[in-house]
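Right, one structure below, let's go through it.
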2 protein chains.
Amino acid sequence: MIIRIEPDSDIPIYEQLSNQIVEGIARGWIHPGDSLPSVRAFASDLGVNMHTVNKSYHQLEKKGIITIVPKSGAIISSPQDFNESSLARLKEEYKPLVAESLVAGMPHEQILDLVSSIIKDFKKI
Amino acid sequence: MIIRIEPDSDIPIYEQLSNQIVEGIARGWIHPGDSLPSVRAFASDLGVNMHTVNKSYHQLEKKGIITIVPKSGAIISSPQDFNESSLARLKEEYKPLVAESLVAGMPHEQILDLVSSIIKDFKKI
DNA sequence: CATTCTGTTCTACTGTGAATAGAACAAATA
DNA sequence: TATTTGTTCTATTCACAGTAGAACAGAATG
């Protein structure tokens, strides 16, 4: 799996990494049960600091996406491991984006089409 | 229009303000052509610093949501004033959220239903 | 068993952004 | 004319991002 880090982005490195790992799962490149590289090895590959990868892993664990087994490694969780609060949090994160879409003049259908196209993009490739 | 600021949130104050102004427009509480309070008056109302409100206004102007008339005030833009790059930026912001939704086990339809319910919530009230 | 690798934890430093504060300016407004 | 407006400047405090090095204890491997 190919990860691209842009050091000069306004998005923190640990969040870029988290996002791309999640995208990798969504695209089916990696699956529940698979283990992620060690923080040291991953950091070495990406050319970033070990603590940055560690922060990313813990962010993903907080979201319920991976499980960190102490002294062992990080494993991608199964979908059924997600709790209700994660879905509530997701809704709160969609809100400002949907509001901005409406204010931009996008009609109801166009917003759904946009989201639908993103979903298809993830599932197709 | 009622604005609620949570100083201890992990979301910056200027972004909380931006989000709630956009929501206000989406809900129809304020309309294109309406003018926003002066940065000083707004800051006084919210109990925050003038520069924080100023930053929020400039963020909204950058997104094409309001127009700042120098030495006069801030006015809410019309939907047709939005450019193509704003829509492209919106899509990029939807991506990680959609990916996370898929990873959480939400099927295609459920994601669209979630977004649809948010849209209805904005338009109903 | 000994070595290596693992995630964890700690301190430490630099740089940047968020937020506040005060002051001053020129233009619009009342 | 006096007030209000957004703008700009400096300055400070605080927190976060990122890097760095070190040490620890448990797991994996030879």
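Chain identifiers are assigned alphabetically (A, B, ...) following the order of the sequence lines, protein sequences preceding nucleic acid strands; residue numbering begins at 1 within each chain.
Residue B:L87 is grouped with residue B:V98 when hydrophobic side chains (ILVMFWY) are merged at heavy-atom distances under 4.5 angstrom, including chains of intermediate members. Under a hydrophobic clustering in which Ile, Leu, Val, Met, Phe, Trp and Tyr are joined whenever their side-chain heavy atoms come within less than 4.5 Å, directly or via other members, B:L36 and B:W29 fall into the same cluster. Follow the hydrophobic side-chain contacts under 4.5 Å out from B:I21 and you never reach B:Y14; the two are in separate clusters. A chain of hydrophobic side-chain contacts below 4.5 Å, direct or via other Ile, Leu, Val, Met, Phe, Trp or Tyr residues, connects B:L46 to B:M1.
For the pair B:I66 CD1 and D:dT5 C1', the interatomic distance rounds to 14 Å; values are reported in whole Å. With rounding to whole Å, A:M50 atom CE is found 9 Å from C:dG7 atom C1'. Look at CD on B:E61: it is 8 Å from P on D:dT7, rounded to the nearest Å. One atom, CG of A:N49, and another, P of D:dC16, lie 18 Å apart when rounded to the nearest Å. Between the CD1 atom of A:I68 and the C1' atom of D:dA27 there is a distance of 16 Å, given to the nearest Å. Put simply, NZ on A:K55 is 14 Å from P on D:dA15, counting in whole angstrom units.
For the pair B:P37 and A:P7, nearest-nucleotide mapping onto DNA chain D gives the more 5' position to B:P37. Sequence order on DNA chain D of the closest nucleotides to A:R40 and A:G47 puts A:G47 first from the 5' end.
In this structure, of C:dT20, D:dT19, D:dG6, it is D:dT19 that holds the atom nearest to the side chain of A:V48. Of the listed nucleotides (C:dG7, D:dG18, C:dA23), D:dG18 has the atom at the smallest distance from the side chain of A:Y14.
With respect to the salt-bridge test (charged N to carboxylate O, under 4.0 angstrom), the residues B:E23 and A:K95 do not qualify.
Counted by atom type alone, B:Y94 and A:S101 present one or more donor-acceptor pairs between their side chains at under 3.5 Å.
In this structure, CZ in B:F42 is found 4.5 Å from CD1 in B:I3, a value given to the nearest 0.5 Å.
Residue B:H51 places no side-chain atom within donor-acceptor reach of the base of D:dG6, judged by atom type and a 3.5 Å distance cut-off alone.
Comparing the end axes of the helix from C:dC1-D:dG30 to C:dA30-D:dT1, each fitted to five base pairs by superposing C1' atoms of four pairs onto the next four, gives an inter-axis angle of 30° (nearest 10 degrees).
Side-chain nitrogen and oxygen atoms of B:H58 include at least one within less than 4.0 Å of the OP1 or OP2 phosphate oxygen of D:dT7. Taking side-chain N and O atoms only, A:T52 has no distance below 4.0 Å to OP1 or OP2 of D:dA17. Remark: A:S38 is in phosphate contact with C:dT6, judged by side-chain N or O atoms under 4.0 Å from OP1 or OP2. In terms of phosphate contacts, B:N54 brings no side-chain nitrogen or oxygen within less than 4.0 Å of OP1 or OP2 of D:dG6.
For the side chain to side chain contact (heavy atoms under 4.5 Å, CB included) with A:L102, the lone residue among B:I25, B:I119, B:V22, B:I118 that qualifies is B:I119.
Taking 4.5 Å as the limit, some side-chain heavy atom of B:N19 sits within range of a side-chain heavy atom of B:E15.
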Between the protein and nucleotides 26-30 of chain C, which nitrogen or oxygen pairs come in under 3.5 angstrom?
from	atom 1	to	atom 2	distance (Å)
C:dA28	O4'	B:K71	O	3.4

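A side-chain donor-acceptor contact under 3.5 Å links A:S117 to the backbone of A:L114.
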